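To keep things clear, I will list the structure first and then write my remarks on it.
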Amino acid sequence: MKVLVIGKGGREHALVWKLAQSPRAKQVFCAPGNAGTALDGVNVPIEATDVDKLVRFAQKEKIDLTVVGPEDALALGIVDAFRARGLRIFGPNKEAARIESSKVFAKQLMRHADVPTAEFRACDHPEPARIYIQSREYPVVVKADGLTAGKGAIVCSSQAEALEAVQRIMVRDEFGPKAGRQVVIEKRLEGPELSILALVSGRTIIPLEPTQDHKQAGDNDTGPNTGGMGAYCPAPLATPAFLQEIETHVLVPTVHALKRGRRPFQGILYAGIMATNQGLRVLEFNCRFGDPETQPLLMRLRTDLLELLLAAVEERLDELPEGGLDWDPRPAVCVVMASQGYPGTYEKGFAIKGLDQAAKLPDVKVFHAGTRQDNDRILTDGGRVLGVTALGDTLAQAKKNAYKAVACINFFGAFYRKDIADKALVEIVPPVTIMSE
Ligand code: AMP
Ligand code: GLY
């Protein structure tokens with residue numbers, strides 16, 4: 001089979017690496033890919049949002065399955081375009097992808113389906129937003145409605161800050177005119193976060209192992225929010241009882257509500273969950289694999305990913321063998337190495353050294369994100385550069401193995417968090433009670 005992965009980050013490298021391990025995969029292409037996807041697959045110089053060109057490539061190469069990484073391609077309707085030409089593709093169509101591409105849509109769906117989430121108001125003009133802001137207790141979070149690469153949620157500790165956030169999003173269009181046409185204003189919640197990714201197709205929902213991301217740039221969750229500085233899997237915060245609660249109160253009602261609204265979801269439904277003192281709350285939904293959550297997840301997945309995604313596309317997930325997916329029992333940790341300045345401005349083009357040495361370590365895989373090949377050198381080419389991922393007999397050992405590999409690698413201005421997975425190693429898991437708001 002010929003497979004095409006769309007995107008160029010660490011998530012896509014992990015997908016290419018895993019899909020290429022399937023005995024049925026003859027060739028795995030990645031568009032546009034990075035230096036790592038070129039090692040495990042074949043890069044195609046087409047941007048993820050160039051839907052027409054991607055369709056033409058898939059037709060010409062007779063691609064059997066396309067797997068979409070980033071949300072912007074899904075929000076553009078890449079799945080609709082492929083399906084219209086009879087091409088098999090894994091991911092939600094444009095309408096179902098609204099669960100991520102419109103926060104107002106997602107919040108309203110949660111309200112109607114009784115999915116626990118922060119109390120909120122959606123506004124499509126600055127004036128009602130300002131009036132609502134005056135009636136609130138602080139802190140609140142003001143969110144742009146549309147896609148903003150994770151930057152459109154502004155935590156505000158006072159009325160003045162919330163008014164300024166409305167100016168930035170709706171008046172000055174700092175996140176683009178479309179993303180800022182509406183805002184969601186919601187209560188700021190507190191508690192540890194979890195990423196629950198579920199494979200969804202037809203009536204079947206298969207939750208994958210729970211992971212935890214590290215969103216802030218600095219150790220102990222300090223500094224600005226990023227796309228994610230590291231992740232580990234499984235997350236012990238997600239006890240079997242808690243996972244059952246998430247399935248019953250979040251995944252099932254959300255998937256049913258999408259179906260009832262004639263937007264049946266097929267793909268990965270990612271719920272960003274916060275375990276608050278009042279019970280679980282959904283912070284956000286994504287309509288795709290998480291980055292960097294996918295790196296430790298796929299490091300542990302033993303089931304053939306190509307078979308699994310094909311079964312989802314063909315609505316055959318219910319035929320999977322009893323017992324579901326096969327996971328390596330060993331935990332995995334992924335440490336992101338980033339460019340100095342990320343998530344703000346940063347320079348690119350620095351040579352990365354030590355990749356071969358790191359690759360020789362047992363149970364380690366270095367997933368590339370912002371990298372590119374330049375003759376015989378590999379150069380930095382983005383904010384998040386590498387996702388250094390390792391397995392270990394315990395979570396502490398997986399962390400040790402990952403940081404041992406990180407220590408082999410260097411490039412000018414490299415920075416990374418030193419505390420990935422510490423939350424699971426040092427923190428006492430708080431009790432979580434059933435929600436009510
Ligand atoms: P979002 O833009 O909705 O994807 O949120 C991005 C990140 O902002 C989340 O992963 C949380 O870390 C944080 N966040 C979002 N909403 C809230 C909230 N209501 N309370 C606290 N933190 C939040
Ligand atoms: N790691 C967060 C995300 O993929 O959106």
Side-chain angles (χ1 to χ4, degrees), residues 5 9-23 25 36 40 67 69 90 193-199 205-214 228-240 242-243 246-247 268-271 273 288-309 311-312 317 320-321 323-336 358-359 361-369 386-406 420-425:
V5 174
R11 162 185 54 206
E12 286 77 15
H13 187 190
L15 286 166
V16 167
W17 170 78
K18 187 71 198 166
L19 288 164
Q21 288 169 21
S22 168
D40 289 307
V67 182
F90 177 80
E193 289 183 44
L194 264 184
S195 304
I196 302 297
L197 281 67
L199 188 58
I205 301 171
I206 303 179
L208 308 183
E209 290 273 277
T211 56
Q212 191 177 49
D213 190 9
H214 294 64
M229 292 299 292
Y232 63 92
C233 173
L237 173 66
T239 58
F242 194 36
L243 283 176
I246 293 170
E247 192 166 340
I268 294 288
L269 181 64
Y270 164 146
I273 306 275
R288 50 166 175 88
F289 283 102
D291 190 344
E293 290 93 332
T294 302
Q295 291 83 315
L297 253 176
L298 294 188
M299 197 78 177
R300 294 191 55 227
L301 183 70
R302 284 178 171 158
T303 307
D304 184 326
L305 182 65
L306 180 51
E307 294 288 3
L308 198 60
L309 300 188
L317 279 181
L320 284 181
L325 307 184
D326 186 13
W327 297 96
D328 190 322
R330 293 173 298 168
V333 170
C334 168
V335 178
V336 170
L361 295 173
D363 297 323
V364 165
K365 176 70 187 173
V366 179
F367 293 113
H368 290 223
L386 302 167
V388 182
T389 311
L391 292 162
D393 287 337
T394 60
L395 190 64
Q397 191 59 48
K399 178 187 170 188
K400 227 177 179 171
N401 292 348
Y403 279 103
K404 200 168 157 195
V406 166
I420 302 302
D422 278 1
K423 282 194 188 120
L425 296 170

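Keep in mind that this is a model prediction, so the values were computed, not measured. The figures that follow rest on heavy atoms only: side chains count, while hydrogens, waters and symmetry mates do not.
Counting only heavy atoms from C-beta outward, the side chains of V67 and L309 approach each other to under 4.5 Å. Counting heavy atoms from C-beta outward, Y403 and V388 have side chains that stay 4.5 Å or more apart.
Distance check: L243 CG to I196 CD1 gives 5.0 Å after rounding to the nearest 0.5 Å. Atom CD in E12 sits 11.5 Å away from atom CG in L19 (nearest 0.5 Å). To the nearest 0.5 angstrom, Q397 atom CD is 11.0 Å from L391 atom CG. The CG atom of D328 sits 10.0 Å away from atom CG of L301, with the distance rounded to the nearest 0.5 Å. Remark: L325 CG to R300 CZ distance equals 11.0 Å, nearest 0.5 Å. The distance from atom CG of L298 to atom CD of Q21, rounded to the nearest 0.5 Å, is 9.0 Å.
With sequence neighbours excluded, the residues that form a side-chain contact (heavy atoms from CB on, under 4.5 Å) with A402 are V333, V335, A390. By the salt bridge (Lys or Arg N to Asp or Glu O under 4.0 Å) test, R288 pairs with E71, E100, sequence neighbours left out. With sequence neighbours excluded, no residue satisfies side-chain hydrogen bond (donor to acceptor under 3.5 Å, both in side chains) with E193. Every side-chain hydrogen bond (donor to acceptor under 3.5 Å, both in side chains) that D363 has, sequence neighbours left out, goes to R330. Qualifying side-chain contact (heavy atoms from CB on, under 4.5 Å) partners for A396, counting only residues two or more places apart in sequence or in other chains: T394, L425. In this structure, the side-chain contact (heavy atoms from CB on, under 4.5 Å) partners of A25, at least two apart in sequence or on a different chain, are S22, V28, L306. Residues passing the side-chain contact (heavy atoms from CB on, under 4.5 Å) test with A312, sequence neighbours excluded: F90, L199, S201, L317. Among residues two or more places apart in sequence or in another chain, the ring-ring contact (aromatic ring centres under 6.0 Å, His included) test is passed with Y232 by H214. Partners of E247 under the side-chain hydrogen bond (donor to acceptor under 3.5 Å, both in side chains) rule, at least two apart in sequence or in another chain, do not exist in this structure. Partners of D40 by salt bridge (Lys or Arg N to Asp or Glu O under 4.0 Å), not counting sequence neighbours, listed by chain and number: K365. Taking the salt bridge (Lys or Arg N to Asp or Glu O under 4.0 Å) definition, one finds that K399 meets it with D422, sequence neighbours left out.
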Requested in this report: May I have the step-by-step check of side-chain contact (heavy atoms from CB on, under 4.5 Å) for F289 and L15, ending in yes or no?
Outcome: CA-CA 9 Å; F289 283 102; L15 286 166; 3.7 Å; yes

Query raised in the report: Should I273 and F242 be marked as a side-chain contact (heavy atoms from CB on, under 4.5 Å) after you check the CA-CA gap, both sets of side-chain angles, and the distance that decides it?
Result: CA-CA 11 Å; I273 306 275; F242 194 36; 4.3 Å; yes

Query raised in the report: Given W327 and L208, is the side-chain contact (heavy atoms from CB on, under 4.5 Å) satisfied, shown in steps?
Result: CA-CA 9 Å; W327 297 96; L208 308 183; 4.1 Å; yes

Query - Residue pair L197, L269: steps toward the side-chain contact (heavy atoms from CB on, under 4.5 Å) verdict - result: CA-CA 6 Å; L197 281 67; L269 181 64; over 6 Å; no

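In terms of modelled atom types and a separation under 3.5 Å, the side chain of H13 and the main chain of F367 share no donor-acceptor contact.
Nearest heavy-atom pair across P296 and C233 is CB-CB, 4.0 Å. Across every non-hydrogen atom of L194 and P210, the tightest pair is CD2-CB, 4.5 Å. When all heavy atoms of A405 and L361 are compared, the closest pair comes out as CA-CD1, 3.5 Å. Taking both residues in full, the closest heavy atoms of I420 and A231 are given as CG2-N, 3.9 Å, listed atom of the first, atom of the second, then distance. Taking every heavy atom of both residues into account, A358 and V366 meet most closely at CB-CG2, 4.0 Å. G228 and V336 get closest at one heavy-atom pair: O-CG2, 3.7 Å.
For residues 290-299, the side-chain hydrogen bond (donor to acceptor under 3.5 Å, both in side chains) pairs, not counting sequence neighbours, are S195-E293, Y270-E293, D291-Q295.
No more than 12 heavy atoms of other residues, nucleotides or ligands lie within 6.0 Å of CG in D393, so this atom counts as exposed by the packing criterion.
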